[in-house]
**Q** 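Submitted below is the structure of interest, expressed as structure tokens.
Just so you know, residue 1 is the first one in the sequence shown, and it goes up from there. Whatever order the structure lists them in is the order used to number ligands and atoms, beginning at 1.
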Amino acid sequence: MQSNKPAILVLILLLLCGGAAPTTQPTSAPRGGTEPYAERYRPQFHFSARKNWLNDPNGLVFYKGTYHLFFQHNPDGIDWGNMTWGHAVSRNLVGWTQVEHAIHPDALGTIFSGSAVVDWNNTSGFKAGPEAPLVALYTSAGGQNEASKGKPFTQSLTYSTDAGRTWMKYDKNPVVAHIRGDNRDPKVLWHAPTKRWIMALYLDGPDYALLASDDLKSWTHLQTLAGMPGTECPDFFELPIDGDAKNTRWVFWCANNRYVLGTFDGQTFTQTDGPYTLCDEKYCYAAQTYSDIPADDGRRIQEAWMRGAKVPEMPWNQQMAFPTVLTLRTITGSVRLCKEPIREIETLRTRGFHRKGVTLSPGGEVFDDFEAELIELVAEIEPGTAKRFGFELRGQRIVYDREAGALEHVACSSTKCELLNGRLLLHILVDRTSVETFIDHGRASTVDFVVIDPANRTLKTIVEDGTITLRTLDVYPLKSGWQ
Ligand code: FRU
């Protein structure tokens with residue numbers, strides 16, 4: 001079993017302070033406004049590792065009030081390498097506590113991406129005490145370290161019997177032998193109608209596979225999904241269409257944000273629609289959704305790696321995108337995935353700036369001297385006659401071009417999105433090194449990694465060639481999620 005010193009220290013601290021013993025890792029441990037989370041460019045409401053490299057979110061699972069975010073991590077360096085599962089916990093998805101790394105490299109390989117589930121029925125037989133076992137499936141990346149030289153990529157299992165605090169590797173690893181190529185990134189889900197586990201696995205080229213298991217330890221091949229619209233990090237889940245639980249589709253997801261829709265009877269996935277693209281992959285990659293969100297919440301919550309660049313002089317490299325909720329909606333007659341920021345962003349809001357029914361011409365301004373650093377902006381815009389309109393937030397331009405039917409964002413990227421109903425709803429999040437925009441409740445969305453000048457706090461409106469009406473404008477300076 002691996003050591004878990006920080007979690008134990010936090011527990012002792014809580015007990016000394018008279019706090020009740022937590023059932024899961026506490027998230028209210030002091031992280032302070034001081035080092036290491038207050039560095040000049042430290043994202044304040046996006047997860048980043050305390051130090052060193054991070055890429056894909058892994059093992060996203062919710063158990064007894066705690067969200068677990070594992071992540072591809074190099075514990076020893078600022079660049080990719082020595083892949084290990086870092087681990088952070090949260091009670092609200094906006095404030096995180098990084099705890100002891102969960103899975104370390106071994107003789108089967110370094111630890112590549114994967115997923116985690118709560119084994120409520122103890123199908124694995126790992127239960128030992130009051131907690132349901134948490135079980136994670138990951139890739140043992142053979143040949144990536146000295147100890148695993150000459151070994152192929154296989155899939156392995158680790159489990160926790162203490163609510164995710166400590167993790168024990170299964171002694172009969174790997175649980176899925178090498179199939180082909182650098183097969184990797186198992187995403188596991190419970191299929192209730194057939195009462196068994198399903199694994200979506202990346203094979204190689206554009207091919208994936210579905211496997212099934214009764215106990216998470218022994219897996220059989222169900223189907224090869226050839227010619228999918230992407231590679232790596234699959235996700236596979238069912239969603240209602242327009243909120244109708246009786247009318248659902250399965251989403252098969254690839255790391256590049258491309259997906260297909262279909263049906264799944266527990267044995268065979270049959271594609272019905274797609275492929276489609278949810279958002280550009282440049283700064284948003286390898287997303288995965290949480291397992292075991294309680295039914296009374298019911299959200300399909302996704303985290304993605306915001307793959308950016310190293311920010312000079314900072315002790316960490318890379319960050320996560322802001323968590324989003326996925327839904328399937330019918331848009332102009334066809335069913336598409338949409339994503340919106342999770343509502344927990346509201347817990348970070350401070351006193352806002354609100355305007356209603358303001359008509360603006362070129363050069364007109366609503367913000368005057370209003371300034372902010374961490375920004376949530378929600379605007380419903382009636383485009384009127386203007387050809388181009390939008391906002392410039394801390395020097396980052398987000399401009400809708402009517403002729404192009406596209407949103408231009410940050411460094412000249414452009415995302416297609418025709419106007420519907422003559423209105424444009426923009427929901428924009430600005431952190432120290434990112435701008436994320438969600439159009440019409442996530443019908444289209446953009447993620448941009450950008451290092452923003454810390455001194456620039458200005459907000460401006462942009463109106464070109466005509467007028468617009470801001471039907472509503474709500475801007476909330478946000479507080480840090482680290483406090
Ligand atoms: C995706 C990916 C995965 C792999 C991991 C390694 O970004 O290449 O396929 O498991 O990163 O860090």
**Q** Would you please say whether a donor-acceptor pair under 3.5 Å links the side chains of Ser148 and Asn145?
**A**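 Ser148 vs Asn145: donor-acceptor pair found between side chains.
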**Q** Among all protein non-hydrogen atoms, which one is nearest to atom 2 (C) of ligand 1, and what is the separation to 0.1 Å?
**A**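 Protein heavy atom at minimum distance: Asp56 OD2, 3.3 Å.
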**Q** How close does the nearest protein non-hydrogen atom get to atom 12 (O) of ligand 1, and which residue and atom is it?
**A**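 For this ligand atom, the closest protein heavy atom is Gln72 OE1, 2.7 Å.
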**Q** Could you verify whether a donor N or O on one side chain and an acceptor N or O on the other, from Gln72 and Asn58, lie under 3.5 Å apart?
**A**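 Side chains of Gln72 and Asn58: pair found under 3.5 Å.
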**Q** Test of understanding: given a 4.0 Å heavy-atom threshold, classify the contact between Thr139 and ligand 1 as side chain, backbone, both, or neither.
**A**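 For Thr139, no heavy atom sits under 4.0 Å from ligand 1.
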**Q** Ignoring hydrogens and geometry beyond distance, is a side-chain donor-acceptor pair present between Trp250 and Thr263 at under 3.5 Å?
**A**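 No, Thr263 and Trp250 have no side-chain donor paired with an acceptor closer than 3.5 Å.
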**Q** Under 6.0 Å between the ring centres of Trp190 and Phe237?
**A**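 They do not qualify: ring centres at least 6.0 Å apart.
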**Q** Note the single closest protein heavy atom to atom 8 (O) of ligand 1, along with its residue, its atom name and the distance in Å.
**A**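 Of the protein heavy atoms, Glu232 OE2, 2.8 Å lies nearest.
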**Q** Can you name the atoms of ligand 1, numbered from 1 with element, that are less than 4.0 Å from a heavy atom of Trp305?
**A**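 In order of number, 7 (O).
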**Q** I'd like to check which ligand 1 atoms, numbered from 1 as shown, lie under 4.0 Å from a non-hydrogen atom of Ser113.
**A**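 Per the distance check, 5 (C), 10 (O).
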**Q** Say whether Gln318 and His73, considering side chains only, have a donor N or O and an acceptor N or O under 3.5 Å apart.
**A**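 Side chains of Gln318 and His73: no pair found under 3.5 Å.
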**Q** For atom 10 (O) of ligand 1, which protein heavy atom lies nearest, and how many Å away is it?
**A**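 Looking only at protein heavy atoms, the one closest to atom 10 (O) of ligand 1 is Asp185 OD1, 2.6 Å.
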**Q** Would you mind listing which atoms of ligand 1 come within a distance below 4.0 Å of any non-hydrogen atom of Tyr285?
**A**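 Reading through ligand 1 atom by atom, the close ones are 1 (C), 7 (O).
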**Q** So, Arg42 versus Ser48: side-chain donor-acceptor pair below 3.5 Å or not?
**A**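 Short answer, yes.
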**Q** Taking only heavy atoms of Met83, which atoms of ligand 1 are found under 4.0 Å from at least one of them?
**A**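 Result: 12 (O).
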**Q** Is the NZ or CZ atom of Arg307 positioned over Tyr285's six-membered ring, under 6.0 angstrom from the centre and within 45° of the axis?
**A**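 Yes, a cation-pi geometry holds between Arg307 and Tyr285.
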